[in-house]
Each structure stands twice: as structure tokens, then as C-alpha cells.
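Presented below is the structure to which this report refers.
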Amino acid sequence: MPEDAILLESKSANTYQNATRTADVMSRQDLDGVLLVPSPLHMPRALAVFWSAGIRAVPAPTDVQVGDRNHTVLDVLPDAGVLAGSTAAIRE
């Protein structure tokens, strides 16, 4: 993607502010749609917020975690990474 095709809105503190500020930028730039690039965990909420702000947002998730791995019994024991993942899921 060409660098000049990327517009960043970096002053928001939350998704609602990002959507409303993005709508303002789009209006000034005469744009009719965006690629929405959050992590897959945040996509459903972010997409709903952007659509409710009247933005034609196309989902383009990033930070997808995939891979082939042999799982062991240790994978079901509590650890800091699992707790962080659970916290993120509960927050959503």
C-alpha cells in the first residue's frame, strides 16, 4: 500500500473517539471508506462502533496468531500469558 494512502488518527483514547475523529477526517478528505485494522479480538466491537459512526469500514484484522504446535499438559496450567489472554477476552 502506498504510504500516502495511509491516514492515522492518533489522538483518540478509545474506539468511539477514534471512529468519530476518523469520520471527521474522512469528511475533510472526501473519503468514502476505510480498512479497519485492529487485532481479531477487537474487530467485532471496533467494526460495530465504526459502522454506528456512519463509516463504511472493511475489516482487515492484524496480529493473527497461528502456527503448528504440539500441545502438552503444561498448556492448560495457569501462567502469566494465559491470564493476560483471559483478561483481554473478559474486557472485550
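Numbering of residues begins at 1 and proceeds along the displayed sequence.
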Can you name the residues that form a side-chain contact (heavy atoms from CB on, under 4.5 Å) with A57, not counting sequence neighbours?
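Partners of A57 under the side-chain contact (heavy atoms from CB on, under 4.5 Å) test: V34, L36, L47, F50, W51, I55.
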Quick one: list whatever passes side-chain contact (heavy atoms from CB on, under 4.5 Å) with A48, sequence neighbours left out.
none
Search all heavy atoms of [X] against all heavy atoms of [Y] and return the closest pair with its distance.
| X | Y | answer |
| --- | --- | --- |
| A53 | A23 | O-CB, 4.3 Å |
| P44 | P40 | CD-O, 3.6 Å |
| M43 | P38 | CE-CD, 3.3 Å |

Checking the side chain of S52 only, and the main-chain atoms of V49 only, is there a donor and an acceptor separated by less than 3.5 Å?
yes
What side-chain donor-acceptor pairs closer than 3.5 Å can you find for residues 4-12, not counting sequence neighbours?
from: E9; atom 1: OE1; to: S12; atom 2: OG; distance (Å): 2.4
from: E9; atom 1: OE1; to: N18; atom 2: ND2; distance (Å): 2.6
from: E9; atom 1: OE2; to: K11; atom 2: N; distance (Å): 2.8
from: E9; atom 1: OE2; to: S12; atom 2: N; distance (Å): 3.2
from: E9; atom 1: OE2; to: S12; atom 2: OG; distance (Å): 3.2
from: S12; atom 1: OG; to: Q17; atom 2: O; distance (Å): 3.4
from: S12; atom 1: OG; to: N18; atom 2: N; distance (Å): 3.0

Which pairs with one or both residues in residues 31-41 pass salt bridge (Lys or Arg N to Asp or Glu O under 4.0 Å), sequence neighbours excluded?
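Of all non-adjacent pairs touching residues 31-41, those that pass salt bridge (Lys or Arg N to Asp or Glu O under 4.0 Å) are D32-R56.
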Please identify each residue that fulfils side chain to side chain donor-acceptor pair (under 3.5 Å) with T15, with sequence neighbours left out.
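If we apply the side chain to side chain donor-acceptor pair (under 3.5 Å) test to T15, skipping adjacent residues, the hits are R45.
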